[in-house]
Amino acid sequence: MQESFHSRVYAVVCSIPPGTVATYGQVAALAGNPRNARFVGFALHANPEPGIIPCHRVVFRDGSLAPGFAFGGPDKQRALLEREGVSFVEPRPDHANAGAEGGCVDMDRCQWHG
DNA sequence: GCAATGACCTGCT
DNA sequence: CAGCAGGCCATTG
């Protein structure tokens, strides 16, 4: 159980309050490496405890979710976030990425401030 | 021990 | 305004 980046990211993601979402860059920054946003996902991918890590609370900078890698389904992730109390915006707030056709978190209201 | 990859982000053309 | 490319750091095989 070394304090590798994995453990740190895991702690940060697990530290995200309910009804709130954080971006990979945010988690990466809190983990101590703002430039390792791509590695944050890697940490969750190799995460040691799948199921206890609220990966669904981690979203892109645009507010879109991770396509194809949702722990059980993108639709499930949207349901989980909504269930937590996170607000969702159907239309694209800005120029959203391809992949989140109807899954954009309202970063204006639910982005984790830390 | 070496090398390659990776749920991304940012900047430039 | 939009699309494209590259780079960062750490873990894994």
Side-chain angles (χ1 to χ4, degrees):
Chain A
M1 250 151 24
Q2 278 65 312
E3 281 152 18
S4 341
F5 194 76
H6 275 195
S7 294
R8 190 159 307 239
V9 174
Y10 160 74
V12 175
V13 177
C14 215
S15 183
I16 299 172
T20 314
V21 296
T23 67
Y24 285 93
Q26 185 97 35
V27 177
L30 290 168
N33 293 19
R35 269 122 172 120
N36 276 28
R38 54 184 347 208
F39 193 63
V40 176
F42 210 37
L44 296 171
H45 181 123
N47 93 46
E49 323 288 314
I52 70 169
I53 302 182
C55 332
H56 58 267
R57 283 189 200 154
V58 188
V59 299
F60 282 72
R61 204 71 189 10
D62 303 343
S64 42
L65 311 175
F69 260 103
F71 39 94
D75 298 329
K76 215 86 170 163
Q77 183 171 20
R78 179 162 65 86
L80 283 163
L81 288 166
E82 274 200 320
R83 195 158 96 130
E84 295 265 315
V86 177
S87 300
F88 264 74
V89 278
E90 310 218 5
R92 299 171 221 200
D94 294 321
H95 36 126
N97 281 9
E101 300 178 1
C104 291
V105 184
D106 193 349
M107 309 301 279
D108 298 315
R109 293 179 154 258
C110 297
Q111 190 179 181
W112 184 34
H113 284 260

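What you see is a predicted model; the values in this text were computed from it and never measured. So you know, we letter chains A, B, ... as the sequences are listed, proteins then strands, and number each from 1.
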Please determine, for the side chain of [X], which listed nucleotide ([options]) has the closest atom?
X     : options              : answer
A/R35 : B/dA7, C/dC8, C/dT11 : C/dC8
A/R38 : C/dC8, C/dA10, B/dC9 : C/dC8
A/H6  : C/dC9, C/dT12, B/dC9 : C/dT12
A/Y24 : C/dG7, C/dA10, B/dC9 : B/dC9

Value in whole Å for how far the [atom2] atom of [N] lies from [atom1] of [X]:
X     : N      : atom1 : atom2 : answer
A/F39 : B/dT10 : CZ    : C1'   : 20 Å
A/L44 : C/dA10 : CG    : C1'   : 14 Å
A/Y10 : B/dA7  : OH    : C1'   : 18 Å
A/L30 : B/dC9  : CG    : C1'   : 16 Å
A/D62 : B/dT10 : CG    : C1'   : 12 Å
A/R61 : B/dA7  : CZ    : C1'   : 16 Å
A/L81 : B/dA7  : CG    : C1'   : 14 Å

Given side chain to side chain contact (heavy atoms under 4.5 Å, CB included), test A/Y24 with A/V9 step by step and report yes or no. CA-CA 10 Å; A/Y24 285 93; A/V9 174; over 6 Å; no

On DNA chain B, nearest-nucleotide positions of A/F42 versus A/A37: which is more 5'?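 Whichever sits nearer the 5' end wins; that is A/F42.
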
Map A/V59 and A/N36 onto DNA chain B by nearest heavy atom, then report which one ends up closer to the 5' terminus.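 Counting from the 5' end, the first nearest nucleotide belongs to A/N36.
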
Are any side-chain N or O atoms of A/D106 and backbone N or O atoms of A/D108, one a donor and one an acceptor, separated by less than 3.5 Å?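 Yes, because the side chain of A/D106 sits within donor-acceptor range (under 3.5 Å) of the backbone of A/D108.
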
Working for ring pair (Phe, Tyr, Trp, His ring centres under 6.0 Å), residues A/H45 and A/F39: CA-CA 9 Å; A/H45 181 123; A/F39 193 63; over 10 Å; no

Nearest 0.5 Å, please: how far is CD in A/E84 from NE2 in A/H56?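 Between A/H56 NE2 and A/E84 CD, I get 4.5 Å after rounding to 0.5 Å.
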
